[in-house]
Structure formats: C-alpha cells, structure tokens
Amino acid sequence: MRGSPVILPPRGVGGDVVAGAPVGPEGTAASGRQRAGRSRGRGQENQGMAGSRVNLLAGRRANQAVDLQGNLLGERGANRTVGSWVNWLVGRRANQAVGSWVDPLAARPGMTSRNAATQTRPAGRTGTPRRVPAPRSPEIATNSNSNEPRIKHHACFQNGFAGTAPNCGIDLVTRRETHADQPNRKQRRARPETAEPFGGRFSELLVSLCRIAGVQAQTSAKGSVLPRSCGGDPCVIVVGAGPAGGAAATHLARLGYAPLVLEKSAFPRPKACGDGLTPRAVKELIHLGMPFDEADGWLRNRGLRVFGGGHELELPWPELASYPNFGLTLPRELFDQRLAHHAVAAGAELRENTTVTGPLLDAATGRVIGVTAITPEGERTFRAPLVVAADGASARLATAIGRVKKPNRPVGIGVRARYRATGTGGRPGAREWMESHLELWDGPREHGKLMPGYGWVFPEADGAVNVGVGSVTSRGNSAKVNYRQLLNSWLETLGPEWGFDQDAVLDPPRSAALPMAFSRQPLYARGLLLVGDAGGMASPVDGEGIAYAMQSGRLAAEAIAQALARPVGPSREAALRTYPGAMKEALGGYFSLGRVFVKLIEHPAVMRVCTRYGLPRPTLMKLVMKLLSDLYEPRGGDWMDRTIATLTRMVPAA
C-alpha cells in the first residue's frame, strides 16, 4: 500500500543503521526527521563522526575516530581514545589523525585531520560539522600542489604507546579539507594516492621501536630516521676499522644506527696482507654496496694458477649461484680506507689516531659499557651499551676481560712484500690469475729444503705484485722459522720471469699472525662482540681472512640491530646471543674440517705427495679447489657441493 511502513535498514548519521525507518512518499520527511532526531539523541554517545562504529573486517569505513584504540579484529563500538592504531590488516579509510598510527598498509586519503580547525563530514552526510579545538601553535604551510593550507606538526606519538615524545624529528603533515572537497568513492579510488608513502610510516614505526629501546631518534638530511644515540651516547662502539670493523660499521649505519668507529692509525696505513679477495669476499662487498670498478684500481681475476709436484694447473673460480665467479685484488691500505669512508658515508662516525687502551666495565655487573682511549686531545672515555672488538689478532679488548686463545686451534704466519713487476712470470695472461705455489723451497727446487707452507703471487692493477709466503701449524704456536729470510730465498726460485729484485721493492716485507678457527671465544658475552681476527676467524685451510671478517661484521650488525630494538633485559641478551650461533652455523663445520686438513699439510712430505699425484687429476683438483676456497653450494649443487656440505655437517662445529 502507498505509504505503508516497510522495515528496511537505511544508514543513519555517521554510518549507523536505523532499523524500522519509514520509507515512501509520505515517509521521506519523517524518515529524515527520525534520522536527524536519532542522530541528535545519540550525539552524546557518538558525537557525530568521531567515535562512530568501526568494522575493520566487514569492510565498513573507519569514520574519523579520534585516537581510536581497538577493534583490530572486527568488534563494533564507539571508541573515543586518542592515539589509536586503526586497521592494521584490512582497514578501509585511513584516518589521518596526528598522534596516531592509521592504516600503514592500506591507508586511503581524504579523511579530515583531527588537527584541522574544523572537522567536517563527507558529502552526502547530514548534520552540522562538529567544532574541535585547534592544535597548539601549529606551523601553517602551503600545499605544494594547491593553495590550501596544511598544518605541520612537530609532536610525534603524543600519548601513543611509546609515550609522549616531542621533537622526535618527524614532521607529520595533514591537510584541512571540507565536505565539498571530498570526492565520491569511485573518484577516491581512481585518484592517485596523496597520503604519506609507506616509507614514512615505516620510519615512524622504527622511531617507535627505538623509543621502547631508549634510543633517541634524529632525522638525516634526506629525511630518513637514524637512531643516533642511546641516552646521549652512541649505541655501538666499533674498535678498529679493518675489514671486520668497517663492514660492521657500514651495516649498522645502514640498519639505522650511527656507530662510533675508533681507529688507532690514520688512513691510508699499510697492512700485512696478500691483498687478494676470493669470490666469498666479493660477495660481502656486494652486501655492503661497495663499488669495485677497475677504473678505481681494482683488478679482477679468473681463478688460481696452481704449481706443485712439477705440475701447473689453472683452476677457474667455480660457477655457483651463491657466489660470483671472479676474485679481486687491491692493496690493503686502499681497501681499508675505502671501506672506512664507505661506512662514514652510510652514517658512521670515524675517529682516527685514537688508540683504545682497555674496556670500561660496569662495577656491579662486569659488563662492558665503553672503552678508554688515547686521542690527539688526550685520554678519553667513550661509553656505549655495546662494543664491537675489531682490533685484530692482538685482541686487546677480549684479552683484557679474560677471553684467551684456545691452545688447540691452528695459527698461521704470513709475510708479504710488494714489488714492481717488470715481467709476467713467463706465462700469457699472468695478470688474470692468482698464483699459488704449494711447495715452498728455501733454495733451488729439489736441492733446497722443503718448508711447511705455501707461496703466492697476486698481480695488482697498478703493475705491482703482492708476493708472500704463509705457514700454518695446528699447535697454536708458530713454527720456529725465519719467514722473512724464507721469503727472500723463495723469491730467488721464481726466476727472472717476474723481475723481482731489491730495486723493485714498493713496500718492504711485513708479517702478521693469522688466528684461525674461532680461536677466541665466546664471540659474544657481557656487552662485547668479537669480529674478524679478534675472534680468530681466518680459514685454517688457506689463511683467507678478509671474507670471514666482513661476514662476521655483517652478522654481528644484524644481531645488534635486533637487540637494540628490544628493551634492556633477557630479550635483548637473547638477540645478541644469536650472533655466535649464526657464525658457528655458517662456518663451524668448515673450520673443523680445516683443523683436520692443517694436521696433514703442516708436514711437507704429505703436501709433496698430494701435489705430485693430485694435480694431474683435474676432477680431483676441482673438488679440492672448492674445498680449499670454501666455494660450494650449501644446498643443492653438483656432487662435489653435496659432498663438501655433507662433510661440514658431519663434523662438530668449531
């Protein structure tokens, strides 16, 4: 019948459903009056749009809830709290309320800000706009895309779950819009997103997590949030700016922390090193985002040219999915300098000519809470919740708190010099290969004495050649050998092909100890993490140290970032203890195999038999190449990769 009351669910003010409203020609005005009356009746409860019902899972709009806390799973109700988290998973409209977290994943533009002078309803809604107090002292700016004003607020997470945090360094910008500016739903879906991008919300999330951890946030020149300090001090101190310290500092800076790096020397400074980087080390450079262009002095190589037992064999670096198929050479003084500057560019602070003299301990707990150091200005104390010891084989910090070397771990000795090469070794393409001589004679071949160890010749881009000898012993102490004299004697056996003589010396012989196979443990305890040579991370198989140093710096930085995001206490300590576990999982089995290998090759007679009968067999040598260089697929791969991976899992971790 005409004008009959029909029970339908028309929408009321603010998205509420009014059951039983009359419809029809006569019921139109009554319906409007009834809706308006009921809206006024509910005004004390819902106050217009603010505090309207929220149905996050059923897809209803989140109507300008001021500081809404709750309804994360779909409950309904009028919520009036300030500083809310709205619709993390499937939220509809983003309520751009300053001081709240609003739909960081699916936020839509167009909702009126809590901080606008007047809050208005979208077009098509009834009722009068509700006046709210204006924010205190906002900065009025002009929108770059229009002439409408925008309000720029400096308060961050006020009354939110992180507590009041003024001047946190984030500018939340909201726009003041009226209902005339509001598009309909189709237009709103079609128009480009104007809300703050997800990166900004993620930065705010990072700041909030750091608030919990007690980390003070700042904003970099580019606008990214960098937690720079912990209570006014740096969050991390890195002692030493070699490969391990430089890698740790770079990764920490890229993860949002600004470590303080203390280096006892000034760059560039010479280092005793072979200057060669295997594909494992190249992979770590890629992790760091560090360039290695040939125009900057880097020289790529194809693999190893091996000599021994009267044989010569070229072994290209294996083709693997996990590692690049080339190595690099660059003088260590340049490598360390560029890595340190790379860390500074990422956000680290570097202090050169700063010699750390010892750890600073908490009197009650014995925990490392900083270091003492001698600087150009005098003696100083630097404090931080965490300290990374990257101070090399001497490991002064670790030794000072009682972490001594394990006597049953191998140790190597390396001596190197740099020469200006006037020849090419008598072989074509000599600069494309890193030479490894598995038999080390102290005089003419077959007439001198066969010594434990091996020799290397690594060409570099500037025409120089890094040449050296290395030896290893399983007994934890170096053999009684004059290695500088051994180097000179061995150079004479290389012949005139390379043109090595005393007039061609670019850098005199320098020696260094190579602590191996996690010779100093634990890698983390009481606020101090050991990386690189400080933790004894050179490979016992070939003496490679740079790759493992950078890997340890990366894993240490990841554990530190996880820890600093947590409150001080057991949870933070649990995150820090993941670092030793990650290192042992990655390298423990391989280092244990290396300890067995060292016991064999430290006897020159065994090495001679292996080279004489092994080098002529290419398949066997490819397997040995993968094993010696630690280049194999940890999962899958060919039968060689699976064999090595199985062996590393069978032995106990170092």
Side-chain angles (χ1 to χ4, degrees), residues 274-276 278 301-318 327 329 410 412-416 425-427 430 432-459 465-474 478-479 481 483 486-495 497-498 500 514 516 538-545 593-631 640 644:
D275 298 344
T278 66
N301 56 70
R302 298 168 53 187
L304 294 180
R305 179 177 278 152
V306 182
F307 300 85
H311 305 287
E312 177 183 335
L313 182 65
E314 290 181 352
L315 295 173
W317 299 117
T329 56
I413 292 291
V415 181
R416 71 98 177 108
R427 287 168 289 274
E432 299 178 359
W433 301 89
M434 298 169 66
E435 286 193 3
S436 180
H437 296 254
L438 302 183
E439 290 182 341
L440 196 59
W441 299 87
D442 66 352
R445 177 180 172 79
E446 302 294 346
H447 297 287
K449 181 181 178 181
L450 189 60
M451 304 295 293
Y454 69 99
W456 69 80
V457 180
F458 295 166
V465 173
N466 184 303
V467 57
V469 297
S471 180
V472 64
T473 175
S474 62
S478 59
V481 177
Y483 289 98
L486 176 60
L487 173 61
N488 293 330
S489 301
W490 178 67
L491 288 177
E492 295 175 0
T493 68
L494 294 180
E497 290 86 1
W498 282 105
F500 298 142
L514 303 172
M516 298 175 170
S539 168
V541 179
D542 62 353
E544 164 70 32
L593 278 181
R595 293 166 59 190
V596 176
F597 180 76
V598 166
K599 292 181 179 179
L600 297 175
I601 65 171
E602 65 180 339
H603 302 289
V606 174
M607 177 63 77
R608 187 175 188 185
V609 171
C610 293
T611 56
R612 177 173 295 178
Y613 297 102
L615 282 179
R617 293 166 174 78
T619 301
L620 175 62
M621 290 309 299
K622 288 180 181 179
L623 174 63
V624 173
M625 165 72 160
K626 288 190 171 186
L627 177 62
L628 296 184
S629 59
D630 194 12
L631 293 173
M640 297 183 187
I644 299 173

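Note that the structure is a prediction, hence the values are computed from the model and not measured.
Contact check for Thr619 versus Met640: side-chain heavy atoms found under the 4.5 Å cut-off. Between Asn301 and Phe458, the closest side-chain pair of non-hydrogen atoms is not below 4.5 Å. Using a 4.5 Å cut-off on side-chain heavy atoms (C-beta onward), Leu440 and Val469 make contact. At least one side-chain heavy atom of Ile644 sits less than 4.5 Å from a side-chain heavy atom of Leu623. Side-chain contact between Leu491 and Val467 is present, with heavy atoms from C-beta onward closer than 4.5 Å. Side-chain contact between Val306 and Leu315 is present, with at least one heavy-atom pair separated by less than 4.5 Å.
Residues Leu615 and Leu313 share a closest heavy-atom pair of O-CD2, 3.8 Å. What you find for Arg595 and Pro540 is that their closest heavy atoms are N-CG, 4.1 Å. Smallest separation of non-hydrogen atoms from Trp317 and Gly327: NE1-N, 3.4 Å. Taking both residues in full, the closest heavy atoms of Trp456 and Gly470 are given as CZ3-N, 3.7 Å, listed atom of the first, atom of the second, then distance. Of all the heavy atoms in Ser436 and Tyr454, the pair that sits closest is OG-CD1, 4.2 Å. In terms of heavy-atom proximity, Gly468 sits nearest to Trp490 at O-CZ3, 3.6 Å.
Atom CG of residue Leu628 and atom CE of residue Met621 lie 7.0 Å apart, to the nearest 0.5 angstrom. Here the CD atom belonging to Glu492 is positioned 10.5 Å from the CG atom belonging to Leu487, to the nearest 0.5 angstrom. Considering CG of Asp630 and OG1 of Thr278, their distance stands at 8.0 Å, rounded to 0.5 Å. Atoms OG and CG, on Ser629 and Leu304 in that order, are 7.0 Å from each other to the nearest 0.5 Å. Separating the CZ atom in Arg305 from the CD atom in Glu314 is a distance of 4.0 Å, to the nearest 0.5 Å.
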Subject >> Val472 vs Val541, side-chain contact (heavy atoms from CB on, under 4.5 Å): CA-CA, chis, key distance, verdict >> reply: CA-CA 9 Å; Val472 64; Val541 179; over 6 Å; no
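Between the side chain of Thr329 and the backbone N or O of Asp275, no donor-acceptor pair lies under 3.5 Å.
Note on ring orientation: taking the six-membered ring where Trp is involved, the planes of Phe307 and His437 are parallel (angle under 30°, cut-offs 30° and 60°).
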